[in-house]
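Encoded as structure tokens, the structure appears first; notes follow it.
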Amino acid sequence: MKKIEAIIRPEKFQDLRAKLSEIGISGLTITEAAGTGKQKGQKGVFRGTTFQIQLLPKLKVETVVENEQVDEIVAIIIEACNTGEIGDGKIFIHPIEEVIRIRTKERGAEAVL
Ligand SMILES: Nc1ncnc2c1ncn2[C@@H]1O[C@H](COP(=O)(O)OP(=O)(O)OP(=O)(O)O)[C@@H](O)[C@H]1O
Ligand SMILES: [Mg+2]
């Protein structure tokens with residue numbers, strides 16, 4: 001299993017969620033986040049004055065899935081969240097050792113769905 005952690009533009013979330021739902025992905029966790037990437041939060045030039053915003057609001061979307069689903073989900077995230085502009089975000093993929101559903105004590109593939 002893998003945890004797909006995507007840092008995205010908040011306004012892309014509804015579209016992403018709908019697309020994930022279409023392929024049966026409903027288990028996810030969302031965290032409001034703030035961060036910077038390569039541009040260190042610099043957004044651009046406003047009326048000739050360069051201004052700096054150190055941390056930009058982002059959403060962190062985490063979903064744990066079986067290995068075979070990773071490529072499809074990454075493609076969906078890119079499709080839903082790519083604008084081509086700086087700040088589109090990043091995807092981190094983590095190995096997951098175990099998943100346990102607390103209610104039933106199921107583990108692994110049975111617990112992740
Ligand atoms: N190396 C990193 N580690 C952790 N979080 C990161 C990292 N890079 C980016 N992020 C998170 O992703 C958000 C979006 O990053 P962003 O898309 O600006 O990345 P970038 O590398 O600057 O790419 P781009 O040039 O397309 O803007 C950041 O606000 C931050 O929350
Ligand atoms: Mg950036």
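Counting starts at 1 for both ligands and their atoms, in listed order.
- Evaluated by nearest non-hydrogen atom to atom 17 (O) of ligand 1, the leading choice among Cys81, Gly89, Gly37, Ala34 is Gly89.
- Considering only residues two or more places apart in sequence or on other chains, Ile91 meets the side-chain contact (heavy atoms from CB on, under 4.5 Å) condition with Ile4, Ala6, Val74, Ile77, Ile78, Ile93.
- Distances below 4.0 Å separate heavy atoms of Asp88 from the following atoms of ligand 1: 17 (O).
- Cluster membership check: Ile30 shares its hydrophobic cluster with Ile76, using side-chain heavy-atom separations under 4.5 Å among Ile, Leu, Val, Met, Phe, Trp and Tyr.
- A side chain to side chain donor-acceptor pair (under 3.5 Å) check over residues 55-65, counting only residues at least two apart or in different chains, returns the pairs Lys3-Glu62.
- Residues Val112 and Val65 have side chains not in contact (no heavy-atom distance under 4.5 Å, counting atoms from C-beta outward).
- Looking at Ile86 against ligand 1, both its backbone and its side chain come within 4.0 Å, counting heavy atoms.
- Thr83 and Glu85 share no donor-acceptor pair across their side chains, judged by distance under 3.5 Å alone.
- Where the criterion is an N or O separation shorter than 3.5 Å, residue side chain and backbone included, Glu85 fails it with respect to ligand 1.
- With a heavy-atom cut-off of 4.0 Å, Lys58 touches ligand 1 through its side chain alone.
- In terms of polar-atom proximity, defined here as any N/O pair under 3.5 Å, Gly87 does make such a contact with ligand 1.
- Residue Gly35 places at least one N or O, backbone or side chain, under 3.5 Å from an N or O of ligand 1.
- Neither the backbone nor the side chain of Leu55 comes within 4.0 Å of ligand 1, counting heavy atoms alone.
- Taken from CD1 in Ile96 to CD in Glu66, the straight-line distance is 12.5 Å, to the nearest 0.5 Å.
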